[in-house]
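Comments concern the structure below.
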Amino acid sequence: MTLRLHDTATRETRDFVPLQPGRAGIYVCGLTVQSEPHVGHVRSAVNFDVLRRWLSATGYEVDFIRNVTDIDDKILAKAAEQGIHWYALAAAMKRALDKALAAINVLPPTYEPGATGHVPEILELIEELVARGHAYAAEDGSGDVYFDVRSWPAYGELTRQKVEDMEPAGDADPRGKRDPRDFALWKGWKKDSEPQTAAWPSPYGPGRPGWHIECSAMAGKYLGPAFDIHGGGVDLRFPHHENEQAQSRAAGRPFSSYWLHNAWITTAGEKMSKSLGNSLLIPSVLERVRGIELRYYMVSAHYRSHVEFSFEALDEAAKGFRRIEDFLDRAGGTAVASAVPDEFAAAMDDDLGTPAAVAVIHDHVRQGNSALAVGTSVTAQIAAQVRAMLDVLGLNPADEAWATGTGDDKLTSVVDALVQGLLAERAAAREAKDWARADAIRDQIKAAGVEVEDTPTGPKWSV
RNA sequence: GGUGGGUUGGCCGAGAGGCGAGGCAACGGACUGCAAAUCCGUGUACACGGGUUCAAAUCCCGUACCCACCUCCA
């Protein structure tokens with residue numbers, strides 16, 4: 001079986017053929033750390049985390065590079081507004097991002113390069129482009145360096161657009177540009193409005209990297225001139241990815257073989273944009289559902305499908321996931337099967353068909369529950385398969401990534417001791433067929449927020 | 001104007017010519033002292049109008065509405 005991926009550059013779902021057998025180099029555009037992460041950011045991270053896990057599960061050695069843009073116009077502007085250093089804002093938002101991603105079990109990338117740490121690589125690439133006649137220093141003394149769109153006939157190939165049809169950038173500063181569509185590789189330091197810490201020396205004068213160039217430079221450094229997969233959100237297709245590809249190819253680097261783009265998650269039909277201010281921040285979402293439930297919600301939709309976020313749908317997903325967890329609880333054990341079922345693998349191989357993959361998990365859960373009812377030995381085997389499938393999706397409840405603090409364990413044992421006392425009383429009442437008394441005890445426990453279920457092996461409680 | 005995507009049952013959400021993915025909710029049954037959980041069963045779904053075909057949610061033509069990108073964006 002071969003993994004097939006939908007390449008947005010060719011608009012085809014085609015076999016994944018790595019440049020080197022058994023290895024996969026992936027570059028994903030991470031975030032500009034300018035504000036708290038919301039569910040949209042997290043969706044992208046989860047989608048590509050699933051890709052990475054599936055490649056690993058099928059035997060690939062994966063180099064997963066996800067950048068963090070730690071300097072740009074917005075970071076500078078927001079920091080200035082808040083009266084703090086731009087790097088203080090970037091660092092604080094980076095910590096918030098790390099926390100959010102850890103809460104939904106997104107594996108840390110192999111390496112997470114930042115723009116500010118790669119100025120030499122960026123300048124090297126710019127110089128290469130200037131030398132080849134694809135970039136020029138602005139003649140207005142601004143210190144900017146632009147990519148010359150007209151010098152690269154393939155410009156627009158990624159998004160199938162003709163340069164003539166593109167709207168000229170209305171808000172762009174046209175100073176010194178040969179064409180309004182030319183974009184900045186290097187931004188000259190504006191000494192009147194920007195702190196000195198936001199400028200690095202360069203042959204063009206002090207300045208900082210433009211937005212797109214960092215990804216080309218860092219992908220080149222860590223994955224080489226040619227690599228397998230480049231990912232990001234759909235909005236990045238243009239201009240960001242188009243520009244990345246143009247820059248890289250104009251510098252003689254073949255760049256990415258496949259382009260993957262995840263769709264949006266919206267609220268009230270609107271894009272969850274930083275500028276709209278309707279962001280659903282992760283900490284507040286996690287007050288409602290657990291991280292594993294949020295992740296399940298995201299994985300149950302296909303990465304290329306637009307999702308309309310709603311708390312109702314999130315709650316439903318959480319219930320659906322608990323059904324899986326309940327089965328694993330009842331089945332006991334922690335064994336993980338060495339291989340996932342064929343239907344699951346087929347679903348994943350088909351452009352990461354996580355909805356179908358989740359359906360396979362539910363099918364197994366149903367079979368497992370049936371097996372459990374008659375007490376057959378296949379139960380453990382089914383549970384092990386379910387865990388293997390959940391592992392691929394980053395949803396195995398036994399994964400230590402989901403482990404809660406030690407305080408919880410202590411609390412659990414205290415509650416257990418209290419509940420057990422009441423359950424013993426209830427058992428005595430049931431023994432005496434005093435149903436009214438037994439139910440009263442159950443209601444009393446329930447009123448405290450603890451559900452009691454009678455199982456063949458005795459009563460079980462859960463919060 | 002250019003480019004790309006969408007509209008599926010009460011809800012979420014797959015599929016991409018022929019057996020009704022899966023989940024949530026609902027209803028009926030089994031189990032249970034009663035519940036819960038679980039299992040079994042129950043659904044005239046594919047925006048609209050034409051067309052192709054033995055067969056269309058799926059392909060073609062047209063229409064409507066929605067969304068994204070076109071140099072801030074996951």
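Remember, predicted model here, so these are calculated numbers, not experimental data. Chain identifiers are assigned alphabetically (A, B, ...) following the order of the sequence lines, protein sequences preceding nucleic acid strands; residue numbering begins at 1 within each chain.
Side-chain contact annotation: A/T116 with A/D70, donor-acceptor N/O pair under 3.5 Å present. At a cut-off of 3.5 Å, with distance as the only test, no side-chain donor of A/Y27 or A/D63 sits close to an acceptor on the other residue. Using modelled atom types, one finds a donor on one side chain and an acceptor on the other under 3.5 Å when comparing A/T13 with A/H6. Remark: the A/Q245 side chain and the A/H241 side chain contain no N/O donor-acceptor pair separated by less than 3.5 Å. For the 3.5 Å distance criterion, the side chains of A/D416 and A/W461 qualify, holding a donor opposite an acceptor. Under 3.5 Å, the side chains of A/D148 and A/Y146 contain no donor-acceptor pair of N or O atoms.
Atom C1' of B/rC54 sits at a distance of 27 Å from the matching atom of B/rG43, rounded to the whole Å. Atom name C1', nucleotides B/rG2 and B/rC61: the rounded distance is 23 Å, in whole Å. Comparing the same atom, C1', in B/rU71 and in B/rC66 gives a spacing of 25 Å after rounding to whole Å. Across B/rG17 and B/rC31, the matching C1' atoms stand 43 Å from one another, rounded to whole Å. B/rA26 and B/rG62 have their P atoms separated by 45 Å, given to the nearest Å. Remark: the separation of the C1' atoms in B/rU44 and B/rG29 is 24 Å, to the nearest Å. Taking the C1' atoms as reference points, B/rG18 lies 27 Å from B/rC12, given to the whole Å. One P atom belongs to B/rA57, the other to B/rG49, and the distance between them is 13 Å to the nearest Å.
Applying the 3.5 Å distance criterion, the base of B/rC24 shares no donor-acceptor pair with the side chain of A/K319.
Going from atom CE of A/M348 over to atom P of B/rA14 covers 14 Å, rounded to whole Å. The interatomic distance linking A/E157 (CD) with B/rG4 (C1') rounds to 17 Å, in whole Å. A/W152 places its CH2 atom 20 Å from the C1' atom of B/rU71, with the value rounded to the nearest Å. B/rA68 atom P lies 20 Å from atom CZ of A/R11, rounded to whole Å. Residue A/H302 contributes atom NE2, which lies 20 Å from atom P of B/rG23 at whole-angstrom precision. The CG atom of A/N262 sits 14 Å away from the C1' atom of B/rG5 (whole-angstrom rounding). When rounded to the nearest whole Å, the span between CZ of A/F147 and P of B/rU71 equals 17 Å. One can place CZ of A/F238 at 13 Å from C1' of B/rG4, the figure rounded to the nearest angstrom.
When heavy atoms are screened at a 4.0 angstrom cut-off, A/D182 is found touching no nucleic acid atom at all. Among the heavy atoms of the strands lying under 4.0 Å from A/G30 are primed sugar atoms or P, OP1, OP2 only; no base atom is included. Nucleic acid contact class of A/H261 (heavy atoms, under 4.0 Å, all strands): none. A/R43 comes within 4.0 angstrom of nothing in the nucleic acid, heavy atoms only. Nucleic acid contact for A/Y155: base, since at least one base atom lies under 4.0 Å from a heavy atom of the residue. Residue contacts shown for A/T8 are absent, as no nucleic acid heavy atom lies under 4.0 Å away.
Using a distance-only test at 3.5 Å, with no hydrogens or angles considered, no donor-acceptor pair links the side chain of A/D350 to the main chain of A/G353.
Stretches of at least 3 consecutive Watson-Crick or G-U wobble pairs, with each checked distance under 3.5 Å, appear in RNA chain B as B:1-7 with B:64-70, B:10-12 with B:22-24, B:26-30 with B:38-42, B:47-51 with B:59-63.
Checking A/D434, A/D439, A/D454 one by one against A/R426, the salt bridge (charged side-chain N to carboxylate O under 4.0 Å, His left out) holds for a single residue, A/D454.
For the atom pair NZ of A/K162 and OH of A/Y155, the computed distance is 16.0 Å after rounding to the nearest 0.5 Å.
Within the 4.5 Å cutoff, no side-chain heavy atoms of A/I445 are placed close to those of A/R442.
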Q | Sequence-aligned protein contact record of nucleotides 34-41 of chain B, with B where the base is within under 4.0 Å of a protein heavy atom and S where only the sugar-phosphate is | A | BBBSSSS-
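For the pair A/Y303 and A/S44, nearest-nucleotide mapping onto RNA chain B gives the more 5' position to A/Y303. Nearest-nucleotide positions on RNA chain B place A/F183 closer to the 5' end than the other of A/F183 and A/G232.
Checking B/rC12, B/rG33, B/rA14 against the side-chain heavy atoms of A/A438 singles out B/rG33 as nearest. Distance from the side chain of A/W264 is smallest to B/rA68 among B/rA68, B/rC11, B/rG4. Of all nucleotides listed (B/rG13, B/rG33, B/rG4), B/rG4 comes nearest to the side chain of A/R237.
Phosphate proximity of B/rA14 to A/S300: absent, as no side-chain N or O sits under 4.0 Å from OP1 or OP2.
Ring geometry for A/H38 versus A/H41: interplanar angle under 30°, hence parallel rather than tilted (30 to 60°).
A cation-pi arrangement is present between A/R52 and A/F64, with the terminal nitrogen or guanidinium carbon under 6.0 Å from the aromatic centre and inside a 45° cone about the axis.
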